[in-house]
Amino acid sequence: MNTFWIRVQQMDRRILYIVLALGVLVPILARWKMDIHPSPEVKKAYDFIEAQPEGSTFLISIDYDAASMPEVQPMLHAILRHIFRKNDRVLMIAHWPLGVPLGQLALEEEARRAGKVYGKDYAFLGFRPGLAAVIVNMGKDFRSAFSEDYKGTPLDSLPVARGIRNYDQIAAVIGLEAGSVGDAWVQYAQARYGVHVILGSTAVVAPDYYPYLQANQIVALIGGLKGAADYERLVGYVGTASTGMTTQSVVHLLLIGFILLGNLAYALGRRQS
Amino acid sequence: MMVEMFWTTVAALLTLAIFSFLYEDNPFYKIAEHIYVGSSAAFMFIYVLYFDLWPKLWTPFFSKLFHGNLSGITSSQWWLIIPTILSVMMLTRLLGHVAPQAMWISRWPIAFTVGVGSGLGITGTLQGILVPQINATFLPLWTSSILHTFNNWIIVFGTLTTLAYFYFSVEHKGVLGGMARAGIVFIMVGFGASFGYTVMARVSLLIGRVYFLVHNWLHLV
């Protein structure tokens, strides 16, 4: 066999890491840009939020942590920017304790940018363990799950939450997912109480949520960095997701090249032996 | 400003320490790994304490109890005694080295948790997954749109053949064998899509960290 193909088969994996690192670094440093065309499943989320009357309340659930931050955090920023621009209101909760500071950071940053007031336009209710029980309880009586915000202020003292009794007063639950909490939102909130659910997820779990979209159990699905970039495009700004998509495309091309090269070397080697 | 720069540098150095594993296992990687595991566990403990035990158990019940304010405890708050006792019973699992004969006490709260989980899980799965998903496969196989018709055929045919593959009560021969083989194709397409999405997710994480290094830390972009 040609020595080139032998070298390909025996290549040190660390060379591939260096090529990948360059594939990530060069587009970021050179600030390459590409057009982003929002996918229909993301556009549904935008259109749904856009169609709600001004002053609607959205419940955002932070179900991810720092390990999924590059994908999901840009989604959260874009969604919050959209909701605040429409003068809608936000209640934020967390099912993942390690996601609490991430949700709080984004909420405060976007609220500050939009000039929104804590308690009147938005509130952060914090983390509660119990997942399914918490979701079911919120449908029966919101205060049985969250009677106060994360600072200990009773919900009835916060204008944004005063009228919230259960999911009937929530325009949509927006679950930002890195695991299986999205299933619980569909099973316990949507199926039992009929609340509209929008899921934003890491790319790893997005395929698990497509059946819910096909069955109209969720309104829309924002999947991975691409979904986040789509939402940024719809809201009308270039954020970290849009910046990352160019790099993503370059790395995908490199990976396709590696797979083709590896398989070709393997096939040629097998034919000769 | 200086404080922010300091912590950004700490985060950047920890990121580089984790990346160093790509070359080979080394002490820097181990340090970063242990810091991550330790701080995550501590963080989780604090949040459960602060967001759950304190507002849901201590403030409404034990605080009043210890201050002798029994009239301030409502009838619904007295029920909190039961989960408290179950929690203490669960802690007997920690007595493995000291008093292993007491560990069986933890089976009661575990049984309670399993019971609640099963109850919620069974109804949730039936109501939220099985029935709606079966319902979503009842699709018209002839529509005015060719594309729509084609999609519906794929969904119906894919569901039936995949189910046929997982039907093991009869040997996969004849019609069932053919359907099972077609089912494998759909399963493989599903795996391929999942794998593609997984690659995309991992690359996104790499991009996120590299962007953090060159943007937040080095200010190159």
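Note on naming: letters A, B, ... go to the chains in the order of the sequence lines (proteins, then strands), and numbering restarts at 1 for each one.
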- Item | Region of A/A145 that comes under 4.5 Å of a non-hydrogen atom in chain B |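 Only the backbone of A/A145 comes within 4.5 Å of chain B.
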- Message: I need the minimum non-hydrogen distance between A/R14 and B/L22, along with the two atoms involved.
- Response: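 Residues A/R14 and B/L22, closest heavy atoms: CG-O, 3.6 Å.
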- Query: Contact part of A/L255 toward chain B, heavy-atom cut-off under 4.5 Å: side chain, backbone, both or neither?
  - Reply: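 Answer is side chain: those atoms of A/L255 sit under 4.5 Å from chain B.
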- Item | Minimum heavy-atom distance between B/S204 and A/E71, given as atom pair plus value |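 So the minimum-distance heavy-atom pair works out to CB-CG, 3.5 Å.
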- Closest approach of A/P97 to B/M44 (non-hydrogen atoms, all atoms of both residues):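 A/P97 and B/M44 have their closest heavy atoms at CG-CG, 3.6 Å.
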- Query: For the candidates A/Y210, A/Y17, A/W96, A/Y212, which exhibits the highest count of non-hydrogen atom pairs separated by less than 4.5 Å from chain B?
  - Reply: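 Maximum pair count with chain B is reached by A/Y17.
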- Message: So for B/T125, is it side chain, backbone, both, or neither that comes closer than 4.5 Å to the heavy atoms of chain A?
- Response: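 Both the backbone and the side chain of B/T125 come within 4.5 Å of chain A.
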- Message: Which one wins on heavy-atom pair count under 4.5 Å against chain B: A/P207, A/P70, A/A203?
- Response: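 Of the options given, most contacts go to A/A203.
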- Query: Got a second to check how far A/Q187's CD is from B/Q127's CD, nearest 0.5 Å?
  - Reply: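 CD of B/Q127 is found 9.5 Å from CD of A/Q187.
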- Task: Grab the two heavy atoms, one from B/L120 and one from A/Y188, that are nearest each other, plus how far apart they are.
- Result: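 Closest heavy-atom pair between B/L120 and A/Y188: O-OH, 2.9 Å.
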- Please flag which part of B/I155 lies under 4.5 Å from any non-hydrogen atom of chain A: side chain, backbone, both or neither.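 Interface part for B/I155: side chain.
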- Query: Side chain, backbone, both or neither: which part of B/Y50 has a heavy atom under 4.5 Å from chain A?
  - Reply: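 For B/Y50, side-chain heavy atoms alone lie under 4.5 Å from chain A.
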- Task: Give the minimum heavy-atom separation between B/A201 and A/V204, together with the two atoms involved.
- Result: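 Closest approach of B/A201 to A/V204, heavy atoms only: CB-CG2, 3.3 Å.
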- Pick from A/L29, A/T240, A/L125: which one has the most heavy-atom pairs with chain B under 4.5 Å?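 Of A/L29, A/T240, A/L125, A/L29 has the most heavy-atom pairs under 4.5 Å with chain B.
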- What residues of residues 129-150 of chain B sit under 4.5 Å from chain A when only non-hydrogen atoms are counted?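 Residues of residues 129-150 of chain B touching chain A at under 4.5 Å: B/I129, B/P132, B/Q133, B/A136, B/L139.
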- Item | Side-chain donor-acceptor contact under 3.5 Å, B/Y47 with A/Y150 |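 B/Y47 vs A/Y150: no donor-acceptor pair found between side chains.
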